[in-house]
K.L.:
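Once you've had a glance at the structure underneath, I'll fire off some questions.
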Amino acid sequence: MTDLMSHLKSHGQEHLLTGWDGLSPEERESFTAQLRAIDFTKIAELFAKKDEPGASLPPRDRIAPLPVEQPAAAAVEIGEGALRRGEVAVLVVAGGQGSRLGFEQPKGMFPVGPVSGATLFRIHAEKVLALTRRYGKPVPLLVMTSPATHSETVADFEQERNFGLPSGQVHFFQQGTMPAVELATGKLLLEKPGQLALSPNGHGGTLTALADSGLLARLKSAGIKHVFYFQVDNPLVNVCDPAFVGRHIQADAEVSSKVVFKERPEEKVGVLATVDGRCAIIEYSDMPKAMTEERAADGTLAFRAGNPAIHLFSVPFLERVTSGHQRLAFHLARKKVLHWDPASGQTVNPDEPNALKFELFVFDALPMAERWLAVQAKREDEFAPLKNADGPDSLETCQALMVGQARRWLTAAGATVAGDAAVEISPLFALDAAAVKMKVKPGTVVSGTTYFSET
């Protein structure tokens, strides 16, 4: 206790031990370990930058639209070869709760299947299982959780027996956290006595957590060369699309990204562009209105390469950006943080931003790449984000896109689908339109709600 107090005093953080006498021996042990793990010097360095201007958009003459390729059918064989050799892993970012959907559980457990009610986790895991069966090699599934979702996520996979995947093929790792600090003083905030006010360290924390957990090194030793990255809330993602994987390998890219072309200037989506000759993502909130409305010679939006957060990283690149001097830098965000006040012994719910949070952004990794690639994805086939309770990117729009894709695949196979029939295709029945064509006989009539499943 004396040593810990001395350590905290040296950093001006002795208030953290307020309420120590009321903690159990177990709570004291846990809190001590938590405090010992904090780099107070780093926190102080970050806090010292709180009044520095944030990164701003460079002048327009340093920014250019990013060249975007069409999917390359000729690269399919190369991608399939990598999958057959077991060189590709899948990483799903699943650290968030479904609170915006009125669902107080991990978002991956949300039942999204329009007919089956299958959860997001089931749909993604079944895609990985289908890939494993198709190419004859296990495709590792890496599930990034957060302290808020980890226990429930692991329990869900256990209850569902990993949705058919062998236990050794599924790997869980937790996103890192950072303490929130008081905006006025730089003192760390407490959630309650013996518990820091912590928050996830941003989506860029996925990459650092992958390395810090030791999982990246294990993947490399197992012969994995590429990591396919996506977010859990997109059930249409074409996981390990062999044409995309193949073109990434063919181009010797360090990072490859799918893009969805913006349909309207006002769409709230980040845009891939080149900044000083490097691939970068510009947040929609940072783009001037004139730039969002700028048109190319053919009349299309000049900056239209929308970011659906689907990337393919080479393992050597991930090693480089998660270690040494190139490690991702923290961004500072002013937030309202509910906290326990040691002086009054009361919980405080502020009306104005009272704290700094520290976050890493995955798109900060892109400009570090020496070689990159952007490939167009059709919105209706690969991007159905589930983010809101209603309106755009809601369950209604997400399920409509899922049904629309299934109807197109069935129609292409020669089936007739009734105009109002809700249809859904399990990944274990077919991963793509070509597989549907092999399983559904021409002339098949789908007259009502139907779920095409494995059995």
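Hydrogens, waters and symmetry mates are skipped; everything else that's a heavy atom, side chains included, is used. Throughout, numbering of the chain's residues begins at 1 and tracks the sequence.
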K.L.:
Within the distance-only criterion (no hydrogens, no angle test), does the side chain of Asn162 pair as donor or acceptor with the backbone N or O of Gly164 below 3.5 angstrom?
P.N.:
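It does not hold such a pair.
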
K.L.:
Answer whether the closest heavy-atom distance between the side chains of Val112 and Leu386 falls below 4.5 Å.
P.N.:
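Yes - at least one pair of side-chain heavy atoms lies under 4.5 Å apart.
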
K.L.:
Picking from Lys137, Lys127, Gln169, what satisfies side-chain hydrogen bond (donor to acceptor under 3.5 Å, both in side chains) with Thr132?
P.N.:
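Among Lys137, Lys127, Gln169, the one meeting side-chain hydrogen bond (donor to acceptor under 3.5 Å, both in side chains) with Thr132 is Gln169.
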
K.L.:
With a 4.5 Å heavy-atom cut-off, do Glu191 and Trp340 have their side chains touching?
P.N.:
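With C-beta onward as the side chain, the pair stays apart.
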
K.L.:
How about Gln70: does its CD atom have over 12 heavy atoms from other parts shown lying under 6.0 Å from it?
P.N.:
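More than 12 within 6.0 Å, yes.
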
K.L.:
Show me the pairs that pass ring-ring contact (aromatic ring centres under 6.0 Å, His included) and involve residues 241-293, at least two apart or across chains.
P.N.:
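Those involving residues 241-293 are His226-His248.
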
K.L.:
Check the surroundings of atom CD in Glu77: do more than 12 heavy atoms from other residues, nucleotides or ligands lie under 6.0 Å from it?
P.N.:
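At most 12 heavy atoms, drawn from other residues, nucleotides or ligands, come within 6.0 Å of this atom.
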
K.L.:
Which value, rounded to the nearest 0.5 Å, describes the distance between Lys187 atom NZ and His15 atom NE2?
P.N.:
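One gets 6.0 Å once the value is rounded to the nearest 0.5 Å.
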
K.L.:
In Å and rounded to the nearest 0.5 Å, what is the OG1 to CD distance from Thr206 to Gln231?
P.N.:
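Here the interatomic distance stands at 8.5 Å.
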
K.L.:
Do the side chains of Ile425 and Trp409 get nearer than 4.5 Å, heavy atoms only?
P.N.:
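They are in side-chain contact.
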
K.L.:
Return the minimal non-hydrogen interatomic distance between Val321 and Met368, and the atom names on each side.
P.N.:
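For Val321 and Met368, the tightest heavy-atom pair comes out as CG1-SD, 3.4 Å.
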
K.L.:
Please determine whether a side-chain nitrogen of the Lys or Arg among Arg134 and Asp432 lies less than 4.0 Å from a carboxylate oxygen of the Asp or Glu.
P.N.:
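Here Arg134 pairs with Asp432 in a salt bridge, since their nearest N and O are under 4.0 Å apart.
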
K.L.:
Does the side chain of Thr274 come within less than 4.5 Å of Arg278's, by heavy atoms?
P.N.:
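Counting from C-beta outward, Arg278 and Thr274 never come under 4.5 Å.
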
K.L.:
How are the rings of Phe361 and His331 set relative to one another: parallel (under 30°), tilted (30 to 60°) or perpendicular (over 60°)?
P.N.:
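Parallel, since the angle between the ring planes stays under 30°.
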
K.L.:
Without swapping roles, check the side chain of Arg247 against the backbone of Pro71 for a donor-acceptor pair under 3.5 Å.
P.N.:
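No, the answer is negative, given that no donor and acceptor are paired below the 3.5 Å cut-off.
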
K.L.:
Other residues, nucleotides and ligands only: do more than 12 of their heavy atoms fall within 6.0 Å of CG on Asp298?
P.N.:
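Above 12, so yes.
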
K.L.:
Taking Ser116's backbone N and O only, do any of them form a donor-acceptor pair with Glu424's side chain (distance below 3.5 Å, no angle check)?
P.N.:
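Yes: the side chain of Glu424 pairs with the backbone of Ser116.
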
K.L.:
Can we say Arg122 and Glu160 salt-bridge, meaning some charged N sits less than 4.0 Å from an Asp/Glu carboxylate O?
P.N.:
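Looking at Arg122 and Glu160, the cut-off is met.
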
K.L.:
Give a yes or no on whether Asp390 atom CG has more than 12 heavy-atom contacts from other residues, nucleotides or ligands under 6.0 Å away.
P.N.:
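Counting neighbours around CG of Asp390, 12 or fewer heavy atoms of other residues, nucleotides or ligands fall under 6.0 Å, so no.
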
K.L.:
Less than 4.0 Å between a side-chain N and a carboxylate O, is that true for Arg334 and Asp51?
P.N.:
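Looking at Asp51 and Arg334, the cut-off is met.
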
K.L.:
Spell out, as yes or no, whether a donor-acceptor pair under 3.5 Å connects the side chain of Asp252 to the backbone of Arg371.
P.N.:
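Side chain of Asp252 to backbone of Arg371: no pair is present.
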
K.L.:
Looking at Lys220, I'd like to know if its NZ atom is crowded, meaning that more than 12 non-hydrogen atoms belonging to other residues, nucleotides or ligands lie closer than 6.0 Å.
P.N.:
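No.
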
K.L.:
Tell me the closest heavy-atom pair linking Phe103 and Pro111, and the distance in Å.
P.N.:
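Closest heavy-atom pair between Phe103 and Pro111: CE1-CD, 4.3 Å.
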
K.L.:
Check whether any side-chain heavy atom of Pro288 lies under 4.5 Å from a side-chain heavy atom of Leu57, and answer yes or no.
P.N.:
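Yes. Closest side-chain heavy atoms under 4.5 Å.
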
K.L.:
Does Met291 reach the side chain of Ile282, with side-chain heavy atoms less than 4.5 Å apart?
P.N.:
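A side-chain contact under 4.5 Å exists here.
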
K.L.:
Against Leu142, only a single residue in Val92, Val90, Val93, Leu219 fulfils side chain to side chain contact (heavy atoms under 4.5 Å, CB included); can you say which?
P.N.:
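Filter result, single survivor: Leu219.
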
K.L.:
Any Lys/Arg nitrogen of Glu80 or Arg85 sitting under 4.0 Å from an Asp/Glu carboxylate oxygen of the other?
P.N.:
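Arg85 and Glu80: not salt-bridged.
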
K.L.:
Once rounded to the nearest 0.5 Å, what's the spacing between atom CD of Glu126 and atom CZ of Phe163?
P.N.:
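Rounded to the nearest 0.5 Å, the CD-CZ separation comes out at 8.5 Å.
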
K.L.:
Drop me the distance from Leu190's CG to Glu182's CD, to the nearest 0.5 angstrom.
P.N.:
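Separation between the atoms: 11.0 Å.
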
K.L.:
Run the salt-bridge test on Glu263 and Arg379 with the 4.0 Å N-O cut-off and return the result as yes or no.
P.N.:
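Counted as a salt bridge, because a side-chain N and a carboxylate O are separated by less than 4.0 Å.
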
K.L.:
Report the distance from atom CD of Glu359 to atom OG of Ser199, rounding to the nearest 0.5 Å.
P.N.:
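Those atoms lie 6.5 Å apart.
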
K.L.:
So Phe452 and Phe429, would you call those rings parallel, tilted or perpendicular, with 30° and 60° as cut-offs?
P.N.:
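Answer is tilted, since the angle falls between 30° and 60°.
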
K.L.:
Return yes if a side-chain donor-acceptor contact under 3.5 Å exists between Asn349 and His339, otherwise no.
P.N.:
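Per modelled atom types, Asn349 and His339 side chains form no pair under 3.5 Å.
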
K.L.:
Please tabulate, one pair per line, all N/O donor-acceptor pairs under 3.5 Å involving side-chain atoms of residues 306-316, not counting sequence neighbours.
P.N.:
{"residue": "Asn307", "atom": "OD1", "partner": "Ala309", "partner atom": "N", "Å": "2.9"}
{"residue": "His311", "atom": "ND1", "partner": "Ser257", "partner atom": "OG", "Å": "2.9"}
{"residue": "Ser314", "atom": "OG", "partner": "Phe317", "partner atom": "N", "Å": "3.2"}

K.L.:
Answer yes or no: does atom CD of Glu293 have more than 12 heavy-atom neighbours from other residues, nucleotides or ligands under 6.0 Å?
P.N.:
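Enclosed.
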
K.L.:
Is a side-chain N or O of Asn388 found less than 3.5 angstrom from the main chain of Gly391, in a donor-acceptor match?
P.N.:
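A pair under 3.5 Å: no.
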
